[in-house]
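Nothing here was measured: the structure is a model prediction, and the numbers come from that model. Letters go in sequence order (proteins before strands), and every chain restarts at 1. Any value given below was found using the heavy atoms of this structure, including those in side chains, with hydrogens, waters and symmetry copies removed.
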Number of protein chains: 2
Amino acid sequence: MSEKRSLSALPSNGKAISISAVAEQAGVSIATVSRVINASKPVSADTRERVEAAVAALGYRANAFARSLTRGESRLLLVLVPDFANPFYSETVKGVASVVRRHGYNIVLAGAPDAQAPDQGAPDALYSRLVDGVISLASFHDLQPAMGDMPDVPWVACSEFVEDSGMPHASIDHGQAALDAVQYLINRGHRRIALLGADESYLWARQRHAGYEAALKRAGIPLDAHLVRIARGTDYGLGMEAAGALLALESPPSAVFAVSDTLAIGAIKAFRRAGRRVPNDIAVVGFDNIPLAQVFEPALTTIAQPMFELGAAAASLLLERLAGGHPRSLTLQHALVVRESA
Amino acid sequence: MSEKRSLSALPSNGKAISISAVAEQAGVSIATVSRVINASKPVSADTRERVEAAVAALGYRANAFARSLTRGESRLLLVLVPDFANPFYSETVKGVASVVRRHGYNIVLAGAPDAQAPDQGAPDALYSRLVDGVISLASFHDLQPAMGDMPDVPWVACSEFVEDSGMPHASIDHGQAALDAVQYLINRGHRRIALLGADESYLWARQRHAGYEAALKRAGIPLDAHLVRIARGTDYGLGMEAAGALLALESPPSAVFAVSDTLAIGAIKAFRRAGRRVPNDIAVVGFDNIPLAQVFEPALTTIAQPMFELGAAAASLLLERLAGGHPRSLTLQHALVVRESA
DNA sequence: CTGAAAGCGCTTACAG
DNA sequence: CTGAAAGCGCTTACAG
């Protein structure tokens with residue numbers, strides 16, 4: 001038993017070793033090997049030992065394709081994420097990964113098809129029934145063209161979903177959260193409050209926008225279209241741009257509600273470049289509470305989303321469905337975190 | 001042809017449709033269906049049309065497992081990433097995704113096994129020969145226990161690798177980059193320069209540490225162990241902690257070289273909390289040039305790594321190997337970007 | 001408890 | 001150009 005041999009799952013011929021090799025080595029049938037490695041049926045202690053020894057000696061691992069083909073499941077879950085660069089998504093994916101892993105599943109990550117790169121089409125993994133289920137953080141607007149002939153795979157939406165569609169999802173109440181944020185600004189005496197929105201193909205962007213308007217209306221503050229800037233995405237740079245436009249207004253806002261922390265940070269950057277102090281000259285409230293929010297200066301006043309828990313909840317919901325449970329949705333709690341920026 | 005039917009890849013019985021259903025519908029053998037969907041052999045125009053019509057009508061997609069089982073490849077690549085939260089990794093993964101997708105591959109993302117959670121073991125996907133290859137950003141130290149009986153899958157390391165091992169990798173020259181950073185500080189007149197290091201199970205952390213020492217030595221500045229703080233990771237919080245310790249020194253540094261931007265940002269936060277001005281009281285140089293580096297205030301002076309290109313290069317290297325090419329490594333260029341923090 | 005055999009859904013020589 | 005059949009590596013009734 002050379003060191004080399006025990007270090008490799010491959011026999012000298014270079015071919016991966018299969019169940020029949022194990023069976024041969026142990027002097028049993030492949031059915032028996034299957035039974036011991038899966039503990040699916042009783043096997044005599046003696047036989048089991050022989051098989052286990054052979055498995056160990058050969059370094060055998062069941063072939064994932066053959067197994068999935070016969071079992072009809074892959075234990076692979078697709079996670080659709082629109083933008084790796086926004087920490088909101090990475091934190092959420094962490095939550096997904098944490099629960100999914102505990103149940104023996106792996107994650108296939110795919111950037112969501114995106115208006116910017118429409119040629120991508122929907123991820124092939126989806127069509128080819130590679131995955132047992134999907135968790136999507138993507139805009140269904142972007143997914144729409146692809147959804148037509150989507151195979152019937154269990155699906156749960158996370159944070160972003162389709163309203164009144166019965167689509168199972170884990171999310172906060174985006175509208176209420178936005179309302180809370182803007183109400184806070186109103187309570188602090190602001191009346192000229194701008195909205196720094198994001199791509200409204202996202203429901204969360206539309207709902208936060210609606211929450212902004214609802215807060216203003218409730219306070220009897222007339223809406224002013226000039227105070228609404230919708231960015232194409234959530235990059236810092238887009239936040240800077242939009243903030244610049246706000247500053248150029250005849251009568252600029254005294255506060256801005258940004259629908260994402262990254263946008264808020266970009267805006268603050270632009271304000272400071274223009275010589276404005278935050279929050280003294282202009283207050284900024286963000287959304288998400290990414291890790292950076294408390295490190296950035298000024299530290300962000302923001303709506304905290306339970307990012308990790310959102311991902312974990314979506315994963316649990318999907319796992320439930322996979323186990324035969326009924327589709328279910330979960331609304332998690334948000335919270336306003338007051339720090340320095342407003 | 002009901003709307004419902006055309007929207008689903010499933011026939012009314014709920015079972016996914018297979019190649020034999022298509023063959024039946026088109027009145028040909030499954031071999032012929034296979035030939036037209038793969039364009040693997042000439043098929044008469046007439047037959048092809050019938051098959052294509054059947055495929056379209058049924059919404060047929062080849063089963064990924066059966067295909068992988070017979071073809072012996074999955075077109076799935078594993079990407080091992082240590083920490084989703086560090087933007088360096090997300091940017092790099094973007095680069096990987098961009099080239100990989102163009103070649104018809106999908107990515108399976110796995111958090112690398114990690115000292116913090118040793119129970120995870122190595123990703124199962126690896127063992128079960130699910131993936132055709134792997135791109136690792138993880139520490140091989142952490143992977144070590146798992147690497148023993150790793151199947152013989154093509155492997156390329158990205159940024160983090162094993163020195164003098166012949167392991168194919170895409171990386172910058174970490175040592176030289178660190179030397180450049182520290183030399184810059186020396187040129188600006190600093191002599192008490194601290195190192196804010198990271199988990200030294202990473203080669204990049206060790207090499208940047210070595211570059212720091214080399215620069216000091218070359219300038220005839222004696223090393224001072226008190227000025228070296230090694231953080232367990234790269235979270236903002238760890239940077240703050242380490243910086244706090246530096247401040248508590250009898251004679252604190254006038255400059256610090258942090259081996260990651262996130263650490264640098266955490267350090268700056270701590271310095272400012274303690275009432276220090278950056279760079280006036282203490283200069284800080286970071287490493288990576290994450291998107292935030294130019295937005296943070298003060299904007300970070302840092303070593304720019306071509307993150308996207310690093311990922312793309314690693315992907316290309318892996319694709320080359322998969323296509324039968326020889327293992328190859330690539331060293332990409334770094335650059336010192338001078339902004340405000342030093 | 002154990003084995004021979006069918007079957008999962010493909011691809012690919014082998015004949016014709 | 002086309003089809004019947006073998007084979008990829010498993011799991012799981014069906015017998016014994």
Once you apply the 3.5 Å cut-off to both distances, tell me the Watson-Crick or G-U wobble partner of D:dA13, or none. none
Starting at CD1 of B:Ile37 and ending at P of D:dT2, how long is that distance when rounded to a whole Å? 15 Å
For A:Ser40, report the nucleic acid contact type (base, sugar-phosphate, nothing); a contact means any heavy atom under 4.0 Å. nothing
Tell me which nucleotide among D:dA4, C:dT2, C:dC10 gets nearest to the side chain of B:Ala31. D:dA4
Mind checking whether B:Phe140 and B:Trp155 have parallel, tilted or perpendicular rings, split at 30° and 60°? tilted
For a quick check of understanding: with a heavy-atom distance under 4.0 Å over all strands, which category does A:Ser34 fall into, base, sugar-phosphate or nothing? base
Partner of C:dA4 by Watson-Crick or G-U wobble geometry, both contacts under 3.5 Å, or none? none
Given the structure, check if the side chain of B:Arg61 and the base of C:dG9 hold any donor-acceptor pair shorter than 3.5 Å. no
Among D:dC10, C:dT2, D:dT2, which is the nearest nucleotide to the side chain of A:Arg67? D:dC10
Between C:dG3, D:dC10, C:dT11, which one does the side chain of B:Ile19 approach most closely? C:dT11
Considering every strand and a 4.0 Å limit on heavy-atom distances, what is the contact class for A:Thr47: base, sugar-phosphate, or nothing? sugar-phosphate
Decide side chain to side chain donor-acceptor pair (under 3.5 Å) for B:Ser98 and B:Arg102; before the verdict, give the C-alpha distance in whole Å, the side-chain angles of both, and the deciding distance to 0.1 Å. CA-CA 7 Å; B:Ser98 117; B:Arg102 217 175 298 132; 3.3 Å; yes
